[in-house]
There are 2 protein chains.
Amino acid sequence: VKNQLSDLGEDRLVEHLVGLLEADGPRREDVRVGAGDDCAVIACGGRGEDLLFKTDAVIEGVHYLPTDDPGAVGAKAINRAISDIAAMGGRPTHALLTLACPNNVSVDSITLFYRGCVAAARRFDIAVVGGDTAGLPDRNAAAMFSVSLIGGVPAGKAVLRSGARCGDTLYVTGALGGSLSSGRHLSFTPRVEAGCWLRDQGVNAMMDLSDGLGIDLPRMAHASGCGFVIDPDDLPLHAGCTVADAMGDGEDYELLIASAVQLPARCPDGLPITRIGAMAPRGEGHACEGGWEHFK
Amino acid sequence: VKNQLSDLGEDRLVEHLVGLLEADGPRREDVRVGAGDDCAVIACGGRGEDLLFKTDAVIEGVHYLPTDDPGAVGAKAINRAISDIAAMGGRPTHALLTLACPNNVSVDSITLFYRGCVAAARRFDIAVVGGDTAGLPDRNAAAMFSVSLIGGVPAGKAVLRSGARCGDTLYVTGALGGSLSSGRHLSFTPRVEAGCWLRDQGVNAMMDLSDGLGIDLPRMAHASGCGFVIDPDDLPLHAGCTVADAMGDGEDYELLIASAVQLPARCPDGLPITRIGAMAPRGEGHACEGGWEHFK
């Protein structure tokens, strides 16, 4: 009997929950993209922009260790959500921070966490406009920080993960692998400038690589109704990393792009863009190994 | 040495964190109200509306018990955030749901939780457009559900808690006390219609009563730079409740209003409005006893 979250795994859990939302929720004409992409997209009606809406949580022992620098953890907490806005080709604007932790956590560590988070927000001109604080009853409970983020994208121009077409070339920004062992998962830069530039190039699909190419690329292919082929020898690897690391380590926070338009070797800001394969007819191509899946 | 969250208490913690945001954050001209009110208010520029932005979390063992009906808990999770939008005189429109729980939680209970949450959302024409799921490493960890909500209010018309003036009459909607013992904390109706109507009457200040009148009224007075006087005999009490219950039980989710305009005994939808006192010069009046404060 499949009855616990661990039996389902993250993708099937999300699919199940999205099914509930679609069955029972109201139909609002202003929802351009609901659950299932990097962000929700809402027709805002003003300034020629759509609103992007995203929430993301980091949990002690899952996304960071108690011994990690609290300022870096704060930066990571918001940068993960910024990365999802970037993956739609949008710019983040306003954030709310939720803190849930035991009462015996030190004010100093929370202060450092907030400073790291606010400094990372300032880098992208994001105003932190509030949040929520909640005490956890168990003194040994894992702390949790959740970030809610809104942003904007030119109306109708958000780049979805479902827009890839058979024959599109697949690209990734930057390099992959070793994010956890190198500490890069705490210090990465969300690809906001690259994402906006790629949107303007007219790419067909985009998503950020958070769980590893081996899990995220099949998600893009599934959402787009395509298969895919990649050439492992073409993957841009961080120093010391293997193809398996690039496929499975996760937390790269680079952009995965499907485009019918040929892209240059670098974004205008110098960030490398590497061709790694192509979208194929559904059922063709091959599955990737590895990557992170939660609830397993 | 004050070094743990429990030494500060919720209000001083929030004051400390808001200070960090104001010191380090960017100045964005589109932020009409930042941290410290029921919601953030952001100039949206479109449709003659400002955007309201709110996040709120419920935690097992704090806001509900493991034995509570999951559907009612789901409704409570979103209704708490809706209540904050109502307290600004706004209407909620779109929500994201974050679920953090151990892997061994049953899919059935999560399904019931989501159904309750989505049904409560539908009642106010709120589209749930996504969210986040995260597994907690400890199988005995408390589950946490966080709701992020956006909404709209006519531009410049959000009713703040800081708008009360000396001499304003104080009112509350509905009745107070006994929310936890009666189970009303799981089944209350957020006062969206009343909040919009009160906004249109031109009331000066409004907030929702979540922590108890004894804590929330001093917060409104402090934010407005006023004192206050209430007549305990005038408090509208739920059956079987005392004045102390009304002051201290919390989780009423009624509206507290300060108004220079005289209000009738009922809203157009029949909800009672009761005069309970008046705003006084700063330093005059008396402090309330009781109410809930977290992190103590």
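Because only heavy atoms are used, hydrogens play no part in the values below, and waters and symmetry mates are left out as well, while side chains stay in. Residue numbers start from 1 in every chain, and the chains themselves are labelled A, B, ... in the order their sequence lines are given, proteins ahead of strands.
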Under a 4.5 Å heavy-atom cutoff, which of T98(B), D138(B), T93(B) has the most pairs with chain A? T93(B)

Of V18(B), N140(B), V105(B), the largest count of non-hydrogen pairs under 4.5 angstrom with chain A goes to V105(B)

Does G71(B) offer a backbone N or O that forms a donor-acceptor pair with the side chain of D69(B) under 3.5 Å? yes

Using a cut-off of under 4.5 Å for heavy-atom pairs, which of V58(A), L97(A), D30(A) has the most such pairs with chain B? D30(A)

For A81(A), is it the side chain, the backbone, both, or neither that has a heavy atom closer than 4.5 Å to a heavy atom of chain B? neither

Heavy-atom proximity to chain B below 4.5 Å, by part of E22(A): neither

Please determine, by modelled atom types, if K76(A) and H185(A) share a side-chain donor-acceptor pair under 3.5 angstrom. yes

May I ask you to name which of H16(B), H94(B), M144(B), R122(B) has the most heavy-atom pairs under 4.5 Å with chain A? H94(B)

Heavy-atom cut-off 4.5 Å, strictly under: side chain, backbone, both or neither for A119(A) against chain B? neither

I'd like to know if the side chain of D216(B) reaches the main chain of S210(B), judged simply by a donor and an acceptor atom lying under 3.5 Å from each other, with no hydrogens or angles considered. yes

Using a 4.5 angstrom heavy-atom cutoff, name the option from I59(B), V118(B), V128(B), N104(B) with the most pairs to chain A. N104(B)

Heaviest contributor of heavy-atom pairs below 4.5 Å to chain B, chosen from A141(A), G61(A), A57(A), is A57(A)

Contact leader toward chain A among T111(B), V14(B), V31(B), where contacts are heavy-atom pairs under 4.5 Å: T111(B)

For the pair D38(A) and K54(A), find out whether any cationic side-chain nitrogen is under 4.0 Å from an anionic carboxylate oxygen. no

Under a 4.0 Å N-O cut-off, is there an ion pair linking D211(B) with R219(B)? yes

Most chain A-contacting option - heavy-atom pairs closer than 4.5 Å, from A121(B), A40(B), S148(B): S148(B)

Is the shortest distance from a Lys or Arg side-chain nitrogen in R91(B) or E49(B) to a carboxylate oxygen in the other one below 4.0 Å? no

Check whether any side-chain N or O of S224(B) sits under 3.5 Å from a backbone N or O of R161(B) as a donor-acceptor pair, and report yes or no. yes

With a 3.5 Å distance limit and no angle check, can you tell me whether D7(B) reaches the backbone of N3(B) through a side-chain donor-acceptor pair? yes

Measure distances from L51(A) to the heavy atoms of chain B and classify the residue's part below 4.5 Å as side chain, backbone, both or neither. side chain

Would you tell me whether D208(A) and S83(A) have side-chain atoms, one donor and one acceptor, within less than 3.5 Å of each other? yes

Honestly, the part of V41(A) sitting under 4.5 Å from a heavy atom of chain B is neither

Given that the side chain runs from C-beta out, which part of S109(A) has a heavy atom under 4.5 Å from chain B: side chain, backbone, both or neither? neither

